[in-house]
Amino acid sequence: MTTIKHILQKEVFLPNDERLVGLVNVTQAGKKKKSSKHSFLCAALSTSVEGTTQVNVYQVKKSDKGETYKKKINWPLKDLKVVDGKDAKKDTADFDLHFEKAFKWTASSSGERDAFISCLWKHAQRHLTHKPKFENVPEHLLEEIIRPVSQGQAPVEGASSVPELEEYQALSNQEEEDLETLMSKCSAAISNAENFAEQLSKQLSILDGANMHVIMGSEDQVFNLMRLLDDGIQQAEIIESKLDSYDQILQGVKEQMELMKDKDMLLSVRNANHQKLLEELENVVHQLDLDGKYIASLNKGDLSTPNGILDCTAAAQQLQRCRQATIHPALMKMSAVEEQMKKFNQLVQEFSKRLAHHLNNLFIHQGNEIGETLSRHSTELRLPPHHSSHRDLTPYTELMAWLKQSDRSSFRQLTKVYTGSLSKLYTKEIQDFLENSRMAAMGKGDKSRLNVSGMRLSGSSASLGAPLDNKRAGSIHSIDSAVQGMDADIAMRHLFDQVFDKVLSELEPVCLAEQDFCCKFFHLLSGVQPQSVQSEEVDESEDTGDIWMKQKPRITVQCVGDDSFPREYIVENLGEGLQSRIPTSQLRQINEELRGMMNELFPMLEEDLEAFITFGDKMDGFYSMYMLVRMSEHVTNTQDTGSFLSVTFASSLVKIKRNFDKFVQLQIRAIEENKVSKKAKCGIISFVHNFEDFANQAENIFRGSERHTDLDKAYQRLVRAIFDTINRIAAEHPKTPREVIMMENFHHMFSILSQLKITCLEADRKEARAKYVENLNAYTKERLGRPLEKLHTFVEGVKSKMAQGVKAEEVGFQLAFSKTELRKVIKDYTGKEVKKSLDHMYKKLEKHLSEEENLYQVVWLSMQNEFMKQYNTYTDLINLCYPDSNINLEFTVDNVLEFFSNIAQSH
């Protein structure tokens, strides 16, 4: 314990000029004892500059990471109220210290606990005026032990009657400096401690003697000092008694001042409360005060004029502001506030009823009025614009926003009236428009009234690319291809393409304009942050209505529309709802509510559009390709990808793609089921011819389109079906040799694919050429055969002998292959006979090959090359085996070339 006390004194208390006087190793009651290994309660003394002594109690613990001790909690001893020793009769290690609350401790031993409690009692008696209570503590711990003195000997004056409890006291900084100075004056202080101690004792005796002489010499002065001290004490007592009397007087004044202070505080609080109450009431009155002019506008405001609409809009917004005032819930229970709120609710009910009635009539009237003018546009290939109705309704946008917040039931009912009134109108307009489009696509009706922008009714195909081969313009499997490939048919396809583009171009602005209007007028946006705009220029060439925006100061907005409506409005203070427009990048966030409303406004649009698509597909399968390209362009170019029209177009695009796939599948099926006449030679099969025209038209249709990949897939399927069917027909045809059918048709396919230069068909082009060359060689070898049959048999026998090991120069000595036998064989093949044989072969060639593909010269040249190979083989073998025999064929190479050339020219 002495060691830990020394460590704590040096590390914890000495830096703060404190002196450790009491120590006990403790743990909190109820915890494991091992947790108390490094926890101590310490009592320490500190002396201030004024000389006052203060005693503090500390809890000191060793830090978790290091080996140093730190003060965790400290309590001034003067705050100690009770020391509870738990039991005064039994030895126990538990004790409680009551400061602001009770702290329960358990010491490592009862002896340490008793020593610490005794230390606290002694220092409390010494330094505290208000002493704590010591309960359940043995009495011997509360008694000071007086130092024993011998009989007849008085205690030394100034000596302490209480022995020091400390086993060790560290030197202060001043004491250490004095000691070092003393030791420096004596050189033997360290080497000879006994000598140094003896010198110190002598100096101490000298000093004691000097002190005694001084004390004895100054005895009179001491008596005088004592007398002066007595007089001072008497004067101090007199002053103290006067101060006590003054204190009693001031005590009453203090009570009065405290009472006055309390009253002043109450007055300040009351004034502050009155001020806050006044401000709160003024705020309530200001928020709930609705100007009379606004009430008049709500009750009797004209909803049919621009100024009246502005006044009613401002009044409705002020009413909404009053109803949504930020008022404390407690103030809402005031009778005046409740009465004012009832008045506001009554105004809301009356105005919403009046507004809903007016808008209901306006919706119905607009639907009927626009329906009456529908007949003027019924024969024109265009949809009637609705910008005039949107322009008339736009001033009510802020009132609709107010109605949506204030009366949801009336707002929903108005929405149903609007959609119900206009859905029939839109359905009728679109159906008539599509019917006119069908008539235009069929080339019927008064073409001067169709008003199709850029539509070409002549047979020219220049608008879609390079001219087509007008001899064959039908589908691949078409039998009467020449009739379907007329210029009129091509023109009708171009006409349908332009009509379909006109249909989509008319539907898009009408649907987008209605969607934009509904989005703003019925406030159907969710999570879209509009961007503010300050002005907007309107091109008078566009079909747009009035633009109503909140602007301060007043602005002039130009209007384009019906001449019956004023061309210019002065717009002011229409509210915040119209001061912004939705940026294109955020239109995808339009919610399902808007899409549902568009479905109600255009309930038959998707069905009618699909009916028109079906109509075009039934007219001509090629129309599906035109529609696929056009619809894809409109879907791709639509910036508003989340709009109702985009979804509708996308759904129609799926149907068109299915029609296109069905059209391709029909072509493939027709190719696979194709049958050619077996009574005549085959020639070029019809679907091979038609594929060229099909590909040319398809390339013109899909040129530059993003849907070309769909056409590429169709190409691959079609070409594969063509190749397979050519193989089938070549194997089945009884009149034309298989090699000729394969050669001619694959040559034609190779020519088509080389001309088209379609990347995805490059492998098929190479395959077509390979099959063409393969069958050309096969036909040449098969039909040419061996014109010099006997000579060929003789040469084969010679080769057999040579293969058996007979030398070339010895073959002539074989009886069957002698020179005589060779001359007999050669004698049968004169130039005249050879020419006659080749002429007969050319006539067979003419019977097999078709004039349409005109491969006579190619095949004849191939046969010439093959015959020359055989001729060279015979002559080389004769020269090898029968040297110096003068045996040669009766015709030369030049004769052969002349034979082939004359025969080709004669035919």
Side-chain angles (χ1 to χ4, degrees), residues 379 381 430-447 450 452 454-461 463-465 468 470 472-507 604-634 649 651-670 690 693-702 705 707 710-711 714 718:
T379 59
L381 196 56
I430 293 174
Q431 289 177 350
D432 291 346
F433 169 68
L434 292 178
E435 182 62 29
N436 293 336
S437 301
R438 290 189 185 94
M439 299 296 292
M442 292 187 295
K444 298 180 180 180
D446 186 358
K447 297 180 181 179
L450 293 178
V452 179
M455 183 177 293
R456 304 175 63 91
L457 297 181
S458 66
S460 174
S461 62
S463 61
L464 290 180
L468 301 178
N470 296 330
R472 291 179 296 272
S475 60
I476 295 177
H477 65 281
S478 174
I479 297 176
D480 192 9
S481 60
V483 176
Q484 294 190 14
M486 299 296 290
D487 286 347
D489 293 332
I490 299 174
M492 289 299 293
R493 290 173 182 172
H494 299 335
L495 175 63
F496 179 83
D497 177 43
Q498 295 181 1
V499 169
F500 187 69
D501 184 48
K502 181 67 175 179
V503 168
L504 300 182
S505 299
E506 287 291 321
L507 287 174
M604 301 296 293
L605 176 60
E606 183 174 350
E607 183 178 344
D608 292 339
L609 190 57
E610 289 186 359
F612 185 82
I613 293 170
T614 303
F615 156 77
D617 188 62
K618 289 181 178 179
M619 285 185 64
D620 191 343
F622 269 91
Y623 289 175
S624 63
M625 293 195 288
Y626 287 100
M627 290 188 288
L628 180 63
V629 173
R630 290 299 183 189
M631 185 64 80
S632 298
E633 289 175 355
H634 281 268
F649 278 1
S651 177
S652 300
L653 180 60
V654 173
K655 180 174 179 59
I656 294 173
K657 178 61 169 59
R658 290 174 181 170
N659 291 342
F660 172 73
D661 293 339
K662 189 185 299 182
F663 170 68
V664 174
Q665 186 60 37
L666 288 174
Q667 304 299 316
I668 294 174
R669 186 182 305 171
N690 293 335
D693 303 316
F694 173 86
N696 285 325
Q697 291 190 54
E699 284 299 309
N700 286 331
I701 295 171
F702 283 86
S705 174
R707 306 295 302 201
D710 297 318
L711 181 62
L718 289 169

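Treat the numbers as computed from the prediction; the structure is a model and nothing was measured.
- Residues that satisfy the side-chain contact (heavy atoms from CB on, under 4.5 Å) test with E606, not counting sequence neighbours, are E610, T648, S651.
- With rounding to the nearest 0.5 Å, the separation of CZ in F612 from CG in L504 is 8.5 Å.
- In terms of heavy atoms, A441 sits closest to L495 at O-CD2, 3.9 Å.
- Listed here is the closest heavy atom pair of V499 and S437: CG1-O, 3.4 Å.
- You'll find the side chain of M627 stays beyond 4.5 Å of the side chain of R630, heavy atoms only.
- Here the closest heavy-atom approach between residue F660 and residue D710 is recorded as CE2-O, 3.9 Å.
- The aromatic rings of F496 and Y623 lie parallel to each other, their planes meeting at an angle below 30°, with 60° marking the opposite boundary.
- With contacts defined as side-chain heavy-atom distances shorter than 4.5 Å, the pair L718/F694 qualifies.
- Under the side-chain contact (heavy atoms from CB on, under 4.5 Å) criterion, S632 pairs with L628, L653, R707, sequence neighbours left out.
- With rounding to the nearest 0.5 Å, the separation of CZ in F702 from CG in L711 is 5.0 Å.
- Residues satisfying the side-chain contact (heavy atoms from CB on, under 4.5 Å) criterion with M442, sequence neighbours excluded, are M439, K444, F615, M619.
- For N700 (side chain) and N696 (main-chain N/O), a donor-acceptor pair under 3.5 Å exists by modelled atom type.
- The heavy-atom pair separating K502 from F433 by the smallest distance is O-CZ, 4.1 Å.
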- Item | CA sep, side-chain torsions, deciding dist, call: Q697, R493, side-chain contact (heavy atoms from CB on, under 4.5 Å) | CA-CA 10 Å; Q697 291 190 54; R493 290 173 182 172; 2.5 Å; yes

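- For F500, there are no ring pair (Phe, Tyr, Trp, His ring centres under 6.0 Å) partners two or more places apart in sequence or in a different chain.
- Nearest approach of V664 to A714, heavy atoms of both residues: CG2-CB, 3.7 Å.
- Interatomic distance, CD of Q667 versus NZ of K662, reported as 13.5 Å (0.5 Å rounding).
- Among residue pairs with one or both ends in residues 651-661, those qualifying as salt bridge (Lys or Arg N to Asp or Glu O under 4.0 Å) are K657-D661; sequence neighbours excluded.
- Residue I430 holds its CD1 atom at 9.0 Å from CG of L609, rounded to the nearest 0.5 Å.
- Shown here for I613 and S652, the closest heavy-atom pair between the two residues is CD1-CB, 3.7 Å.
- Residues that satisfy the salt bridge (Lys or Arg N to Asp or Glu O under 4.0 Å) test with D617, not counting sequence neighbours, are absent from this structure.
- To the nearest 0.5 angstrom, Q431 atom CD is 12.0 Å from N436 atom CG.
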